[in-house]
There are 2 protein chains.
Amino acid sequence: MTTINDIAQMAKVSRTTVSRALNNSGYVSEDVRKRIMKIVEETGYMPSQSAKSLRTKRSGVIGIILPRLSTETSTRVVNGINEELAKEGFQILLTDTELNKQKEIEYIRLLKTRHVDGIILLATNVNEELIKAIHNIDIPVLAIGQELPGVPSLVYDDYHAAADLTNMLIHKGHERIAFIGVTHDDPSVGGLREQAYRDKMKVNGLEIQETWIGQGDFSIESGYEQMKSILKRSKGQEPTALFAVTDRMAIGAMEYLKEQGYTIPEEMAVVGIGASALSKYITPSLTTIDYHNKDAGKKAAELLLRQLKNEKIDKKFELTYRLIMRNSV
Amino acid sequence: MTTINDIAQMAKVSRTTVSRALNNSGYVSEDVRKRIMKIVEETGYMPSQSAKSLRTKRSGVIGIILPRLSTETSTRVVNGINEELAKEGFQILLTDTELNKQKEIEYIRLLKTRHVDGIILLATNVNEELIKAIHNIDIPVLAIGQELPGVPSLVYDDYHAAADLTNMLIHKGHERIAFIGVTHDDPSVGGLREQAYRDKMKVNGLEIQETWIGQGDFSIESGYEQMKSILKRSKGQEPTALFAVTDRMAIGAMEYLKEQGYTIPEEMAVVGIGASALSKYITPSLTTIDYHNKDAGKKAAELLLRQLKNEKIDKKFELTYRLIMRNSV
DNA sequence: AACTGATGTGTAATCGATTACATGTTTACA
DNA sequence: TGTAAACATGTAATCGATTACACATCAGTT
C-alpha cells in the first residue's frame, strides 16, 4: 500500500507538502502541485482514512441506526439519506437494532468509537436511557419518526394524518370503525395515531367498542390475526371499516377479509398508512397515507450536514403527508 | 473523550497493560485486570477504532456495494449479510452505485481507503476494468449474482430457474410464450435467463416470434410498457403466456393486462422471478421463483468471514432456488 | 537600504491505539 | 540450589495522516 511518505519521496518533497497539495491547504507552488498530482494519479494513491480520522476526528461517515433493515419504510429513508450524503462524499455505516432497545443505545456508543461524524436514528421508542446516551456523546444526532426531547427531530405528522383518515371514513358514512394499532412504546405509531382515531370518533359523537380495537406488531401476519379476532369478538356489532396504522397490517387484514368472502370496500372499508408498493398493486388498491419517506431521509441528511457545519438548527421539524384515495374505501 | 492513556493513568499501569487486558493478549494479573475493567466500566471508555485500525489494518467493517439501495432483492441480501456479520461484531459500510459501472470501481478503491476488511459486491455486470480493480486491491472480495473470473462468486442458478419456468409453461400447454428481459450487460439476468428461455422453446420445438420479446429495465413501469408493445406488435399471433425475468416487470405487465380486461391466467399466464412480497399479495398471486436472497446474504457473509480467517474457499458457489406455483398460471 | 507581507517548503509533534523487546519476579523441577 | 519456563509489566517504536511553528525567498513599499 502506498502512503503519503512514498508519494513525498517520489516527488522529492516532504509529506507536509503532499498533504497540502491534496487538501488544498496552505501554499504549494503550481510546479510542485502538478508533480505531486501526477504521481498520485499514477500510483492510484488514496490517503488512509483511519490515519486521517485519527488526526482530524472526522471520518466522512454517518452512522444510521435502524429498527429493521428489511422494511420498505427504512429502505426508502436510507435511500434518501444516502442520496444526499453521497453528494457531499459521505458514506453510511448501517446498524440494525432488530427492534431491541438496548442495542439502540449500544450502537450509539459504538458508532462514536468509529468516529462517525453524525448519527441518524430512526427511532421507534422514547426512553430516558436513550436520551441520556444521545446527550452523552458529543456528535450531532438527528432523530426521525419520534420527537426526542432535546434532540433535533424530524417527525411525521402522525396525529393529523390519522385524524384525516378517521374523518374521511366518518364522512363516508362509517360509524363503526375498527382499529389495529401497535404498542404504545412507540409514541408516534402506537400513541399519536390511536389518539387521533379516538379523538375524532369522539368529536363526531361515535362510540368505540373496545372489541374493535386490536394490537399488532407491524407484520402482515399480525394484521391478519387481529382482523380475525376483531370479527370474532364483535359478532352482532361488527365494524364496517378498519383503520390499521400500517399498510402491512392493513394488507394482512384484507387477506383475512378476502378469505372470509367479505367484499372490500362494500362490506368493509380498509385504510392503512405508509403508501407501500404493496398498497398500490393489491386488489382492491389500498387507501393510505404517503409519508414521503425518501424526502424525509433527504431532509434528515441535509439537516445533519448543516449541524456538521455548525449551523444552528431547530429542534423539531414536521413533515408533510398526503392522503391517497384508492379503492379500498 | 477518554483514551487508553486516561484509563492507564487512572489504573496506575501503562497503556500496554490496559491494551492487553482489553484484548486478552499477553499476561495480565487478575488483580490488575479487574481494576482496569472497573475503570473501563465506570468511564464508559471505548477504544478508538481509527487508531486501532491504523495500527492493525483491520477495521471490523465490511463494505457492501449495491446496484440499488431500494430494491427488495438488495434489502434482503443486505439483511442476511448483516445478520451474519453482526454475530461476529462486524459493521456494514454501504455504498450504492445507482447502476453506474464507473462508481462500482470507484467504490472498490474508496472502501479500501476506509480499511474495510472485506467487500461484498452485488454485481450487475461484468467488465474487464471491474475485474482488474478487484484484483488490484488485496482485500477479500466476494461477488453475488454474477460469476466474476478469479473472484469468489455466489451465483443464483439463473439458467435452470428460467428453464424450469419455461418448461412449466410449456407443459401447461402454452406454445406462444412472450418474454420480457433486460440488457445483456447483466449476464445473469439479461443473458442466462433469456438463453434458458430460448433453449427450452427450441428443445420443445416451439418457435419464438421476435415480436414477443421485450426488454425492460427492472421497473414495474417498464413491464407495463413492454407488455403493451408486445401486444401491439403481435396482433394476430398474440402470446398466451408471459415470462418476465423479474417480478416487478411481471407485475407491471399484469397491470396492463388487467387494465385491458385480460383475465389472468385464462387469457394470459404470467410468471416472474424473485418472490417479492408483491408477488404474493397481488391478484392473482404471481407464480415465481424464490432465490432465497436472505440466505444468499448469509452465505456471502459466512464465506467472506472464512476468507478473513485465511481459509481457502472455492471460486464458485451455486445457490438453490424454489419454484412457487401460484394463481397466475 | 531596510522592512513587510505573501509565498513556498520543511521539521517535528500529535492523534490513540498495538506490539516487539526488555526486564523483573515467581514457580517448578532436576 | 540453580535454572529454565511462565508470568507480569513497562519502554518506546509504529501505523499514516495533519498541522503548529520555523525558516527562507521574493516582490513591493517607504
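If you're wondering where the values come from, they're calculated on a predicted model, not measured in any experiment. A note on names: the letters A, B, ... follow the listed sequences, proteins ahead of strands, and every chain is numbered from 1.
- Contact annotation for Ser48(A): backbone-only contact, meaning every heavy-atom pair under 4.0 Å involves sugar-phosphate atoms and none involves a base.
- Proximity of residues 2-15 of chain A to DNA chain D (heavy atom under 4.0 angstrom from any strand atom) is restricted to Thr3(A), Ile4(A), Arg15(A).
- Arg15(B) meets the side chain to side chain contact (heavy atoms under 4.5 Å, CB included) test with Ile4(B), Asn5(B), Ala8(B); sequence neighbours excluded.
- Residue Glu42(B) places its CD atom among more than 12 non-hydrogen atoms of other residues, nucleotides or ligands, all under 6.0 Å distant.
- With hydrogens and angles ignored, the 3.5 Å screen pairs a side-chain donor or acceptor of Arg109(A) with a backbone N or O of Gly44(B).
- Side-chain polar atoms of Asp96(A) and Tyr107(A) form no donor-acceptor pair below 3.5 angstrom.
- Here Lys57(B) does not pair with Asp117(B) in a salt bridge; the nearest charged N to carboxylate O distance is not below 4.0 Å.
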Evaluate side chain to side chain donor-acceptor pair (under 3.5 Å) for Ser74(B) paired with Thr71(B), printing each intermediate quantity in order. CA-CA 5 Å; Ser74(B) 296; Thr71(B) 69; 2.9 Å; yes
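- Side chain of Thr56(B) to backbone of Lys52(B): a donor-acceptor contact under 3.5 angstrom is found.
- Axis angle between the ends of the helix from dA1(C)-dT30(D) to dA30(C)-dT1(D), five pairs each and rounded to 10 degrees, works out to 50°.
- Comparing atom distances between the Lys52(A) side chain and each of dT18(C), dA17(C), dT18(D) picks out dT18(D) as nearest.
- We find that Arg76(A) and Glu72(A) are joined by a salt bridge, their nearest charged nitrogen and carboxylate oxygen being less than 4.0 Å apart.
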Test side chain to side chain donor-acceptor pair (under 3.5 Å) applied to Ser50(B) and Ser53(A), step by step: CA-CA 6 Å; Ser50(B) 308; Ser53(A) 126; 2.7 Å; yes
Could you go over nucleotides 20-26 of chain C and give all protein N or O partners under 3.5 Å, atom names and distances?
none

Side chain to side chain donor-acceptor pair (under 3.5 Å), that's the test. Do Ser219(A) and Asp217(A) meet it? Break it down for me. CA-CA 6 Å; Ser219(A) 70; Asp217(A) 63 3; 2.7 Å; yes
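- Considering only side-chain N and O atoms, Thr17(A) lies under 4.0 angstrom from the phosphate OP1 or OP2 of dG10(C).
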Atom pairs, N/O to N/O, protein against nucleotides 4-8 of chain D, distance under 3.5 Å?
residue, atom, partner, partner atom, Å
dC7(D), OP2, Tyr27(B), OH, 2.7

Kindly list each side-chain donor-acceptor pair under 3.5 angstrom involving residues 141-151 of chain B, sequence neighbours excluded, with atom names and distances?
residue, atom, partner, partner atom, Å
Gln146(B), OE1, Ser188(B), N, 3.1
Gln146(B), OE1, Ser188(B), OG, 2.8
Gln146(B), NE2, Asp186(B), OD1, 2.6
Glu147(B), OE1, Lys316(B), NZ, 3.1

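- Around the CD atom of Glu311(B), the shell of radius 6.0 Å holds more than 12 heavy atoms that belong to other residues, nucleotides or ligands.
- Straight-line distance from the CZ atom of Arg58(A) to the P atom of dC15(C): 18 Å, rounded to whole Å.
- In terms of phosphate contacts, Lys57(A) brings no side-chain nitrogen or oxygen within less than 4.0 Å of OP1 or OP2 of dT18(D).
- Across the protein-nucleic acid pair, Lys34(A) atom NZ and dG8(C) atom P stand 13 Å apart, rounded to whole Å.
- Using a 4.0 Å heavy-atom cutoff across all strands shown, Thr56(B) reaches sugar-phosphate atoms only and no base atom.
- Among the candidates Asn127(A), Asn125(A), Asp185(A), the single residue satisfying the side-chain hydrogen bond (donor to acceptor under 3.5 Å, both in side chains) test with Lys101(A) is Asp185(A).
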